[in-house]
Trainee: 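Pasting in a structure now, in structure tokens, and then I'll have a few things to ask.
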Amino acid sequence: MSILPFDDRDGVIWFNGKTVPWRDAQTHVMTHGLHYGSCVFEGERVYGGHIFKLREHTERLFHSARVMGFEIPFSQDEIDAVCEELVVAQNIGDGYLRPVAWRGSEMMAVSAQQARIHVAIATWPWPSYFTPEAQLKGIRLAMAKWARPAPNTAPTNSKAAGLYMICTLSKHAAEMQGYDDALMLDYRGRIAEATGANIFLVQKGVLHTPDPDCFLDGITRRSVIDLARKRSIEVVERAIMPKELADTDEVFLTGTAVEVTPVSEIGDHRFEIGEVCRQMIEDYAALVHSHRKATASAA
Ligand code: PMP
């Protein structure tokens with residue numbers, strides 16, 4: 001399979017206030033963000049030309065930057081407007097949107113108080129990843145050997161690039177063993193999340209999901225909690241230990257990229273793709289596409 005490299009594409013990228021040709025959106029090798037991980041980003045989905053939960057993602061980008069000790073040199077309204085303009089300029093129907101902000105190359109040391117803050121936004125087409133049949137088969141998770149760190153050992157409430165080191169390591173290890181992804185526990189041994197998605201367990205018709213006290217409180221996670229409560233499905237946010245997987249009927253992941261994806265297997269545990277999971281897949285698809293329909297019928 002040939003993959004179109006992400007630095008060699010047609011189109012434009014918004015870079016520090018200007019739209020530049022895609023291939024010219026370059027940064028120097030002496031960039032603080034590259035050497036010391038002072039970088040934050042977002043991942044957003046575009047459905048039918050509409051950016052789903054744009055404002056929530058922009059707010060989280062600004063929050064992540066503040067947690068990392070820097071301010072994004074644009075307003076949230078400016079970033080929202082740029083995202084929307086870029087989706088039109090790139091002619092994106094169903095796609096992905098990636099804002100990223102990082103410390104520049106003015107200073108090359110741990111301390112970089114005066115380094116310039118750069119911001120870039122790129123968007124590219126990304127049709128639905130799974131066919132409905134493939135999605136309903138479920139994915140298989142290995143147990144990660146890396147644990148989500150404690151909030152006093154890493155900026156865990158930021159979508160900071162550095163936190164993904166252990167995600168890439170865990171996902172690569174899982175893929176090498178023939179799994180699709182990995183389940184990460186936290187520093188206390190509790191179930192935390194997958195490498196780029198939150199996790200829900202269904203036990204006797206009730207949805208359980210870990211408290212997001214040391215990992216990302218996903219925007220999809222919050223949408224799914226609302227959707228479940230609208231269906232009068234009880235949702236409990238609590239500490240969940242891995243031994244509970246033995247008493248769990250269904251498991252699914254949530255995230256901008258994976259949407260609602262059933263899990264058929266975690267290590268030695270097997271799960272059915274059941275009622276609650278199917279309902280959440282359906283309700284989430286209806287939610288993300290409701291804006292598309294509104295836009296289409298208004299046009
Ligand atoms: N956890 C991690 C580590 C992630 O990268 C993501 C994807 N951004 C999520 C959870 C899910 O977050 P969201 O629903 O906001 O995409």
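Ligands are counted one by one from 1 in listed order, and the atoms in each one are counted from 1 as well. Along the sequence shown, residues carry numbers from 1.
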Trainee: Is Asp77 salt-bridged to Arg55, cutoff N-O under 4.0 Å?
Mentor: yes
Trainee: Distance only, no hydrogens: is a donor on one side chain within 3.5 Å (strictly under) of an acceptor on the other, for His28 and Ser105?
Mentor: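 Judged by distance alone, the side chains do not pair up.
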Trainee: Only heavy atoms of Lys159, strictly under 4.0 Å: list the atoms of ligand 1 that pass.
Mentor: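 What qualifies from ligand 1 is 5 (O), 7 (C), 8 (N).
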Trainee: Could I get the full list of salt bridge (Lys or Arg N to Asp or Glu O under 4.0 Å) partners for Arg221, not counting sequence neighbours?
Mentor: Asp217, Glu237
Trainee: Is it true that Arg98 and Glu42 make a salt bridge, defined as a side-chain N closer than 4.0 Å to a carboxylate O?
Mentor: no
Trainee: Looking only at distances, please establish whether an N/O atom of ligand 1 is found under 3.5 Å from an N/O atom of Arg148.
Mentor: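 No, since none of the N or O atoms of Arg148 sits under 3.5 Å from an N or O of ligand 1.
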Trainee: Between Glu244 and Arg238 (salt bridge meaning N to carboxylate O under 4.0 Å), is one present in this structure?
Mentor: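 Yes, this pair counts.
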Trainee: Considering heavy atoms of the protein only, find what lies nearest to atom 6 (C) of ligand 1 and give residue, atom and distance to 0.1 Å.
Mentor: Gly196 O, 3.3 Å
Trainee: Which residue and non-hydrogen atom of the protein lie closest to atom 5 (O) of ligand 1, and at what distance in Å?
Mentor: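 Minimum-distance protein heavy atom for atom 5 (O) of ligand 1 reads Tyr164 OH, 2.4 Å.
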Trainee: Does ligand 1 have any atom sitting under 4.0 Å from a heavy atom of Ala197?
Mentor: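 Yes, Ala197 has heavy atoms under 4.0 Å from ligand 1.
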Trainee: Quick check: Cys167 and ligand 1, any N/O pair under 3.5 Å apart?
Mentor: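 No: no nitrogen or oxygen of Cys167 is under 3.5 Å from one in ligand 1.
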Trainee: Which residue and atom name correspond to the protein heavy atom nearest atom 16 (O) of ligand 1, and how close is it?
Mentor: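 That would be Thr256 OG1, 2.6 Å.
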Trainee: Tell me, which protein residue and heavy-atom name are nearest atom 12 (O) of ligand 1, and how many Å apart are they?
Mentor: Gly218 CA, 3.4 Å
Trainee: Under 3.5 Å, is there a donor-acceptor pair between the side chain of Ser64 and the main chain of Arg60?
Mentor: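 Side chain of Ser64 to backbone of Arg60: a pair is present.
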Trainee: Step by step, would you call Lys204 with Asp249 a salt bridge (charged side-chain N to carboxylate O under 4.0 Å, His left out)?
Mentor: CA-CA 7 Å; Lys204 298 190 171 56; Asp249 308 310; over 6 Å; no
Trainee: Where is the nearest protein heavy atom to atom 11 (C) of ligand 1: which residue, which atom, and how far?
Mentor: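 The protein heavy atom lying closest is Asn198 OD1, 3.7 Å.
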Trainee: Using a strict cut-off of 4.0 Å, indicate which atoms of ligand 1 neighbour a heavy atom of Glu193.
Mentor: 1 (N), 2 (C), 3 (C), 10 (C)
Trainee: Closest non-hydrogen protein atom to atom 14 (O) of ligand 1, residue and atom name please, with distance?
Mentor: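 Heavy-atom neighbour on the protein nearest atom 14 (O) of ligand 1: Thr220 OG1, 2.6 Å.
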Trainee: Please determine whether a side-chain nitrogen of the Lys or Arg among Asp283 and Lys230 lies less than 4.0 Å from a carboxylate oxygen of the Asp or Glu.
Mentor: no
Trainee: Can you find a non-hydrogen atom of Glu56 under 4.0 Å from ligand 1?
Mentor: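 Judged by the 4.0 Å heavy-atom criterion, Glu56 does not count as contacting ligand 1.
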Trainee: Give the numbers and elements of all ligand 1 atoms closer than 4.0 Å to a heavy atom of Thr195.
Mentor: 3 (C)
Trainee: Using a strict 4.0 Å threshold on nitrogen-to-oxygen distance, state whether Glu265 and Arg270 make a salt bridge.
Mentor: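 The answer is yes: the pair qualifies as a salt bridge.
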